[in-house]
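Here is the structure we will look at.
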There are 2 protein chains.
Amino acid sequence: MSTQDAPPLGTSVPAALTLLRKRGERVTRARRAVLEVLDSTTEHLNADEIARRAAAKAPGVHRATVYRALSTLGELEMVRHTHVGGSAAVYHLAVLDPELGAEANANAHAHVRCTSCGIVLDVPAETLRPLVGRLERDLDFHLDPAHAALLGTCAICRVTAPQG
Amino acid sequence: MSTQDAPPLGTSVPAALTLLRKRGERVTRARRAVLEVLDSTTEHLNADEIARRAAAKAPGVHRATVYRALSTLGELEMVRHTHVGGSAAVYHLAVLDPELGAEANANAHAHVRCTSCGIVLDVPAETLRPLVGRLERDLDFHLDPAHAALLGTCAICRVTAPQG
DNA sequence: CTGCTTGCAAAGTGTTTGCAGGCCC
DNA sequence: GGGCCTGCAAACACTTTGCAAGCAG
């Protein structure tokens, strides 16, 4: 539907593990489980939910370990997270292309979240591009559009509870 | 510098208290202190810092009370808050015009925050307007540009620590 | 007086960290 | 086998809440 297909679910883990090893990082049960969880969905999962699902795949994996794994994978730019309002950060797999490395973020997108119902909507990176350019020029500020969600009210909630 | 002057510091409290009473809310020591703190600066203060300063003006004012006051004032649209990454929300006085009510938000602005040094920069509402319109059209989503800060890297940090 | 607000303490989220032991390479 | 990772528990930062007393209107 877009110019670039979303990566097929459940196919990125082997490449991710290879990349991990290539970077001198260890491949552990916990890290594999986290990657599998992230690779199995397109949802916006928070650390707690990732921990729950990871523990289902690899019993005993601890929440703290999931946080550490997400942190490590984040530093390696294999996983990205988004802060969404005041609540828990949500994580997703970066598009991993063994050839291109972590730059192949063709599915990079920003998020907006409805403060009324909590739904998170994806916004194509292209939509944010003008703003990115503007901030670059005006403030010399390099925006990372995917790192924080903007907030507002979705169509449904606007009808349900008009600008109360 | 802009088409609209920033409101002069230290002048909004009386009007705010009047508005409070007009809405049937009580004027208390804690609420007055919070309003005075917010009215005395243009900084981006979090609840903890507001509590610290409020306690200086009105000894005994408790952090929990400050949170409650900020919440109440927020519902009345006299105070706005911004979520900035994963850290504490920052609060500021909405422009209160007794004639116009809380809509007179001429100084409304969005924020961007440098993930490296933490500095928060203001972005004029005007800069976000195209994005607001775009989301309105594309997703029927009503964006509140001031409610969450976007993240990125500021000019100084980009030089100091070039892209990772 | 009435009951909204407060102070206090405690609980609730979300996330990080110190330490001893375990597993990857 | 050496040292990175993990499990656990505890600490941490931010925010909310139950309750009895206090003050605004």
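Keep in mind that what you see is a predicted model, and the values were worked out from it rather than measured. Numbers restart at 1 for each chain; the letters A, B, ... are given by sequence-line order, proteins then strands. Just so it is clear, the values below take in all heavy atoms, side chains as well, and ignore hydrogens, waters and symmetry mates.
- The 12-atom threshold is exceeded at CZ of A:Arg134, counting heavy atoms of other residues, nucleotides or ligands nearer than 6.0 Å.
- Here the side chain of B:Arg68 is nearest to one of C:dG7, D:dC14, C:dT15, namely C:dG7.
- Each of C:dT6, C:dT15, D:dT6 was ranked by its minimum atom distance to the side chain of A:Thr28; first place goes to D:dT6.
- Taking for each of A:Ala64 and A:Arg26 the nucleotide of DNA chain D with the nearest heavy atom, the 5'-most of the two is the partner of A:Arg26.
- No hydrogens or angles were tested; on distance alone, nothing pairs the side chain of B:Arg29 with the base of C:dG7 as donor and acceptor under 3.5 Å.
- Across its full length, the helix from C:dC1-D:dG25 to C:dC25-D:dG1 shows an angle of 30° between the axes of its 5 terminal pairs at either end, rounded to 10 degrees.
- Rounded to a whole Å, the NE2 atom of A:His62 is 16 Å from the P atom of C:dG22.
- Residue contacts shown for A:Gly86 are absent, as no nucleic acid heavy atom lies under 4.0 Å away.
- Considering only side-chain N and O atoms, B:Thr65 lies nowhere under 4.0 angstrom from the phosphate OP1 or OP2 of C:dT5.
- Using a 4.0 Å cut-off, no side-chain N or O of A:Tyr67 falls inside it from OP1 or OP2 of C:dT16.
- Nearer to the 5' terminus of DNA chain D, by closest-nucleotide assignment, is the contact made by B:Arg63 (compared with the other of B:Arg63 and B:Arg21).
- Residue A:Ala30 has its side chain nearest to D:dT6 when only D:dT15, D:dT6, C:dT15 are considered.
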Going through the distances and angles, do A:His111 and A:His147 end up as a ring pair (Phe, Tyr, Trp, His ring centres under 6.0 Å)?
CA-CA 9 Å; A:His111 305 87; A:His147 200 173; over 10 Å; no
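- Taking a 6.0 Å sphere around CZ of B:Arg29, one finds it holds more than 12 heavy atoms contributed by other residues, nucleotides or ligands.
- The line from CG of B:Leu121 to CG of B:Leu150 is 12.0 Å long, rounded to the nearest 0.5 Å.
- A straight line from CG of B:Leu20 to C1' of D:dG25 spans 14 Å, rounded to a whole angstrom.
- Between A:Arg21 and A:Glu25 there is no salt bridge, since no side-chain N of the basic residue sits under 4.0 Å from a carboxylate O of the acidic one.
- A donor-acceptor contact shorter than 3.5 Å links the side chain of B:Thr82 to the backbone of B:Ala146.
- Atom CZ in B:Arg32 sits roughly 9 Å away from atom P in D:dA24 (whole-Å rounding).
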